[in-house]
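Here the structure comes first, spelled out in structure tokens, and everything after it is commentary.
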Amino acid sequence: MTKTFSLACFAVAVLAFAISDAVHRGYDPLAETVSRYVNLPHGWLVTVGLLAVAAGSAAVAVRAVGSGWGGWLLHVWAGCVLVAAVFPADPPGNWSRPSLSDGVHGVAAWTGFLALAIAIVRLTVVGRRASAWVSKARGLTVLAWASSVAFVLFAVAFVDRAVLTHTAPLGLAERIVIALNLAWLALAATAAKSPPPASGTRARMTSDLVK
């Protein structure tokens with residue numbers, strides 16, 4: 001049940017973000033982040049997408065219960081996305097004087113991205129110990145590496161856009177990170193119920209499959 005729910009939520013999120021980019025011509029998707037589109041006439045699509053990501057991620061986090069702090073970081077990510085949905089970003093061009101809502105949104109977004117980046121790496125490593133994750137291990141590992149590199153490049157693009165040349169394609173960098181993160185979460189949702197717990201003792205080597 002949680003697997004189907006997670007995949008449905010991620011599909012809704014991808015569709016909502018894609019439609020938002022397609023119907024809105026006011027901003028450049030290569031330059032502006034997804035959340036800035038909330039200020040346009042069909043900005044509700046962004047809110048729907050963020051809520052769907054939060055719900056789907058929370059369902060994956062439930063499946064990862066018992067996997068240690070990596071699983072808890074998924075809860076942090078889901079919570080941060082929910083906060084980012086409730087507190088919308090400002091329109092572009094207000095870097096020096098952001099509103100309170102934009103400030104909360106920004107802190108939640110970056111905290112969430114960082115928490116998810118760490119969780120992906122941790123759960124991918126821990127998940128290799130579970131026989132039920134073996135069939136997904138290669139895909140999860142590739143996506144973990146790709147999302148980690150993309151997150152670093154996204155952070156670099158943010159710094160450049162905010163304080164350096166102001167020309168980095170921040171919107172493109174963010175969309176790549178989001179796509180890779182959702183791909184990893186979706187693949188993790190189709191794997192075992194949870195990776196084995198990481199502890200000082202020998203980890204459990206098997207995990208029940210969720211039908």
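This structure is a prediction, so every number in the text was calculated from the model and none was measured.
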Taken to the nearest 0.5 Å, the spacing of Trp77 CH2 from Asn181 CG works out to 5.5 Å
Minimum heavy-atom distance between Ala85 and Thr47, given as atom pair plus value: O-CG2, 4.2 Å
Hydrophobic cluster membership, Leu51 vs Val46, 4.5 Å side-chain cutoff: no
Does Phe17 reach the side chain of Tyr37, with side-chain heavy atoms less than 4.5 Å apart? no
Which value, rounded to the nearest 0.5 Å, describes the distance between Leu185 atom CG and Ile178 atom CD1? 11.5 Å
When you measure from the side chain of Ser147 to the backbone N and O of Ala144, does any donor-acceptor pair fall under 3.5 Å? yes
Under a 4.5 Å cut-off applied to non-hydrogen side-chain atoms, are Leu114 and Phe151 in contact? yes
If you take all heavy atoms of Ala189 and Leu7, which pair is closest and at what distance? CB-CD2, 4.4 Å
For residues Trp110 and Val38: do they belong to one hydrophobic cluster (side chain heavy atoms under 4.5 Å, members Ile, Leu, Val, Met, Phe, Trp, Tyr)? yes
Can you tell me how far apart SG (Cys80) and CZ (Phe113) are? Round to the nearest 0.5 Å. 10.5 Å
With rounding to the nearest 0.5 Å, note down the distance linking NE2 in His42 to CG in Leu40. 9.5 Å
How about Val48 and Val12: do any of their side-chain heavy atoms sit closer than 4.5 Å? yes
Report yes if the side chains of Thr190 and Lys136 come closer than 4.5 Å at any heavy-atom pair, otherwise no. yes
Quick check on the hydrophobic clustering: are Val53 and Leu15 connected, directly or via other members, by side-chain heavy-atom contacts under 4.5 Å? no
Is His75 reaching over with its side chain to a backbone N or O of Ala58, donor-acceptor style, under 3.5 angstrom? no
Residues Ala89 and Arg36: closest non-hydrogen pair is CB-NH1, 4.3 Å
Steps toward side chain to side chain donor-acceptor pair (under 3.5 Å) verdict (Thr124, Trp145): CA-CA 10 Å; Thr124 298; Trp145 275 103; over 6 Å; no
Heavy-atom nearest pair, Ala108 first then Val83, reads CB-CG1, 3.7 Å
Check whether any side-chain heavy atom of Glu32 lies under 4.5 Å from a side-chain heavy atom of Leu170, and answer yes or no. no
How far apart are the C-alpha atoms of Leu143 and Ile120, what are their side-chain angles, what is the distance that settles it, and do they pass the side-chain contact (heavy atoms from CB on, under 4.5 Å) test? CA-CA 9 Å; Leu143 288 171; Ile120 284 176; over 6 Å; no
One should read off an interatomic distance between Leu187 CG and Leu140 CG, to the nearest 0.5 angstrom, of 4.0 Å
For Phe87 and Leu100, run side-chain contact (heavy atoms from CB on, under 4.5 Å): C-alpha distance rounded to whole Å, both residues' side-chain angles, the deciding distance at 0.1 Å, then the answer. CA-CA 9 Å; Phe87 293 88; Leu100 176 61; over 6 Å; no
Might you confirm whether atom CH2 of Trp72 has over 12 heavy atoms from other residues, nucleotides or ligands at distances under 6.0 Å? no
Can you list the residues that meet the side-chain hydrogen bond (donor to acceptor under 3.5 Å, both in side chains) rule with Asp160, with sequence neighbours excluded? Thr165
Would you say Leu74 and Leu116 make side-chain contact, with heavy atoms under 4.5 Å? yes
Is the backbone N or O of Thr167 less than 3.5 Å from a side-chain atom of Arg161, with the two atoms forming a donor-acceptor pair by type? no
Would a single hydrophobic cluster contain both Phe154 and Val14, if residues Ile, Leu, Val, Met, Phe, Trp and Tyr are joined by side-chain heavy-atom contacts under 4.5 Å? yes
Here the pair of heavy atoms bringing Ala59 nearest to Ser6 is CB-OG, 3.0 Å
Under a 4.5 Å cut-off applied to non-hydrogen side-chain atoms, are Phe10 and Val60 in contact? yes
hydrophobic_cluster_shared for Val81 and Phe158, side chain cutoff 4.5 Å: yes
So, are Arg97 and Asp102 salt-bridged, with charged N and O less than 4.0 Å apart? no
Which is it for His105 and Ser35 under the side chain to side chain donor-acceptor pair (under 3.5 Å) test, yes or no, and what are the steps along the way? CA-CA 9 Å; His105 177 93; Ser35 58; 3.2 Å; yes
What are the two closest non-hydrogen atoms of Ala119 and Gly70, and how far apart are they? CB-O, 3.5 Å
Ignoring hydrogens and angles, tell me if any N or O in the side chain of Arg175 forms a donor-acceptor pair with the backbone of Gly171 under 3.5 Å. yes
So how far is it from Thr33 OG1 to Leu172 CG, rounded to the nearest 0.5 Å? 12.5 Å
Contact between Leu123 and Trp184 at the side-chain level, heavy atoms closer than 4.5 Å - yes or no? yes
